[in-house]
Amino acid sequence: MFKALEFPYNDPIMVFEPLRDLPFAMLMHGKGKRWSYICAQPLETILFRGDGTQSDAALCRLEQSLKKLEFVRPKSAPPFCGGWAGLLSYEFGRSILPKLQEGPDFSAWPDLALGLYDQVLAFDHEEKRARLYIWDWEQIGRSSQRKETLVDALKREGKLNHNPNVLCDEMPTPREELEHYKTKIQKTVDYIHAGDCFQSNISQAFDFTLSEGVHPYHLIKRLNETSAAPFSSYFRLDGLVLASNSPERFLKTRLGIDGELYVSTKPIKGTRPRGKSDAEDITLASELLSSEKDRAENLMIVDLMRNDLSRVSIPGSVKVPKLNALESFANVHHLVSTVTARLQDDKGPVDLLRAAFPGGSITGAPKIRAMQIIAEMEDAARGPYCGSLLWVSPDGCMDSSILIRSTAFSELNDGWKGEFRVGGGIVADSVPEDEYQETIHKGQALIKALTQSIGVEKHD
């Protein structure tokens with residue numbers, strides 16, 4: 001079913017650059033991961049813009065397509081070598097879950113944007129090798145649908161013509177005053193004390209405009225240099241760009257040797273900034289590990305994810321092999337837990353998305369009431385923020401991120417307008433001032449990448 005063509009191994013960030021303005025072009029490239037992927041020119045697409053109706057039809061179409069596609073994975077092939085990939089915005093959760101019709105108006109971003117890719121350029125960073133995987137349609141009894149390969153497109157397009165020193169002339173501006181944000185946090189705490197929920201994830205938005213001649217892809221390049229995260233990605237739509245530097249996995253499925261599908265998720269809850277010295281860094285990490293508040297917050301979300309996974313998993317298979325493990329990134333320390341399960345025989349990745357989207361780490365618990373509070377407190381639709389970027393193969397294998405530390409760009413007549421959100425889980429003993437400071441810590445990598453000149457010393 002596949003043709004595998006050797007491709008010169010190089011930095012995927014550099015290789016992808018000519019495709020930056022091609023609609024549905026996608027780069028998935030993360031620090032510390034074995035595989036990076038480039039895909040573009042999808043055979044077909046699924047676009048859904050939320051209006052509270054027909055949301056499940058989009059997932060049904062995805063599900064039916066996956067079942068119809070004949071797929072035999074070569075033994076040497078990477079986890080993703082063709083299939084569907086793209087974006088689920090946060091608002092898609094409002095469409096597929098009950099009692100969430102009220103809330104901010106939907107944004108310019110589609111709630112769902114997926115492409116069916118029969119060409120994937122995969123980079124193996126362990127073997128320092130790259131291959132272009134092309135589905136052989138004639139071999140499976142269908143006429144060829146390609147006039148050019150992805151390699152042809154990479155040769156045809158041009159690269160960015162300059163490397164700006166600063167991406168944004170002015171500091172990103174918060175949409176609301178400090179006191180207003182603190183008031184929202186206090187109101188959320190009041191809801192929790194009243195028994196409405198245990199936790200709700202409240203965010204604030206920052207707006208900015210890129211300097212003249214600067215492109216959103218410059219931000220991806222800068223973040224890759226200064227604070228690359230495991231789920232770095234870039235996704236282009238018509239007039240829109242998503243640039244993500246997320247550290248968080250949402251859902252991953254894999255085939256076991258028994259042919260069954262296994263799922264894992266790694267929710268993040270609990271944050272401290274990196275220290276300015278080794279001693280301060282160790283102190284901050286130890287403080288996070290010993291924080292009863294942060295550990296309790298993480299446990300709440302672990303319980304929520306266990307519940308979500310149990311809907312589509314074999315009874316008794318849901319496990320928590322890691323609870324409150326410390327993981328350190330360029331700008332922050334996090335507490336990260338791991339939840340695993342085995343899917344029921346008649347369930348697949350789409351069933352899993354129905355059961356668990358959006359991720360509990362960025363909603364709160366119980367999920368429905370927490371999302372209702374989010375809709376009340378936040379000033380606008382989240383769009384990609386706290387949604388997911390994913391790929392899914394016809395054999396049921398899937399990987400997906402939680403879109404935090406992510407920037408949504410809209411194209412203007414003379415440049416690009418950007419927006420990013422930062423937030424945190426609010427619990428009964430949350431202090432509004434502390435929660436505000438946590439959002440600032442989480443936003444530092446993006447703010448520095450946008451406003452500081454190149455060559456600035458960074459913390460690895």
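Side chains included, hydrogens not; waters and symmetry mates left out as well; all remaining heavy atoms used.
- When the shell of 6.0 Å around CZ of F198 is examined, it contains 12 or fewer heavy atoms from other residues, nucleotides or ligands.
- Side-chain N or O atoms of S211 include one that pairs as donor or acceptor with a backbone N or O of D169 at under 3.5 Å.
- Judged by distance alone, the side chain of Q344 and the main-chain N or O of S313 form a donor-acceptor pair under 3.5 Å.
- A donor-acceptor contact shorter than 3.5 Å is absent between the side chain of S291 and the backbone of L288.
- Side chain of Q372 to backbone of K99: a donor-acceptor contact under 3.5 angstrom is found.
- Sparse packing is recorded around NZ of K322, with 12 or fewer heavy atoms of other residues, nucleotides or ligands lying under 6.0 Å away.
- Between K182 and E179 there is a salt bridge, with a side-chain nitrogen of the basic residue lying less than 4.0 Å from a carboxylate oxygen of the acidic one.
- Heavy-atom minimum distance, L240 versus A108: CD1-O, 3.9 Å.
- In terms of heavy-atom proximity, F123 sits nearest to P12 at CG-CG, 3.8 Å.
- Here the side chains of P42 and Y117 are in contact, with some heavy-atom distance below 4.5 Å.
- A salt bridge between K293 and E297 is present, with a side-chain N of the basic residue lying under 4.0 Å from a carboxylate O of the acidic one.
- Relative to the six-membered ring of Y217, R236 misses at least one condition, a distance below 6.0 Å or an angle of at most 45° to the axis.
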For side-chain hydrogen bond (donor to acceptor under 3.5 Å, both in side chains), just list the numbers for R61 and Q64, CA-CA rounded to whole Å, side-chain angles, deciding distance to a tenth of an Å, and then say yes or no. CA-CA 5 Å; R61 182 180 165 193; Q64 291 166 4; over 6 Å; no
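- The closest donor-acceptor contact from the side chain of W391 to the backbone of C81 lies at 3.5 Å or more, if one exists at all.
- Between the side chain of K184 and the backbone N or O of M377, at least one donor-acceptor pair lies under 3.5 Å.
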Could you go through L352 and M398, starting from their C-alpha distance and side-chain angles, then the distance that decides it, and tell me whether this counts as side chain to side chain contact (heavy atoms under 4.5 Å, CB included)? CA-CA 10 Å; L352 188 57; M398 176 176 73; 4.0 Å; yes
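- Listed for the S406 side chain is a donor-acceptor partner under 3.5 Å among the backbone atoms of I404.
- Formation of a donor-acceptor pair under 3.5 Å by the T451 side chain with backbone atoms of M171 is not found in this model.
- No donor-acceptor pair under 3.5 Å is formed between the side chain of S233 and the backbone N or O of M28.
- When ring centroids are compared, F409 and F208 come within the 6.0 Å threshold.
- Across every non-hydrogen atom of C197 and A365, the tightest pair is CB-O, 3.4 Å.
- Y385 approaches N201 most closely through the heavy-atom pair OH-ND2, 4.3 Å.
- For the 3.5 Å distance criterion, the side chains of Q437 and E433 qualify, holding a donor opposite an acceptor.
- The shortest non-hydrogen separation linking R342 to S317 is N-OG, 3.2 Å.
- D124 and R34 are joined by a salt bridge, as a carboxylate oxygen and a charged side-chain nitrogen come within less than 4.0 angstrom of each other.
- Taking 4.0 Å as the cut-off between side-chain N and carboxylate O, R306 and D303 count as a salt-bridged pair.
- Shown are E419, Q204, E378, H180; of these, the side-chain hydrogen bond (donor to acceptor under 3.5 Å, both in side chains) with R175 is made only by E419.
- A salt bridge does not link E327 to K31: none of the charged nitrogens lies less than 4.0 Å from a carboxylate oxygen.
- Looking at K417 and D207, no side-chain N of the basic residue comes within less than 4.0 Å of a carboxylate O on the acidic one, giving no salt bridge.
- The main-chain N or O of A356 is found under 3.5 Å from a side-chain atom of K367 such that the two form a donor-acceptor pair.
- The local environment of CG in D190 is crowded, with over 12 non-hydrogen atoms from other residues, nucleotides or ligands closer than 6.0 Å.
- Salt-bridge formation is detected for the pair R274/D281: a Lys NZ or Arg NE/NH1/NH2 atom is positioned less than 4.0 Å from an Asp or Glu carboxylate oxygen.
- Of all the heavy atoms in G83 and P394, the pair that sits closest is CA-CD, 4.3 Å.
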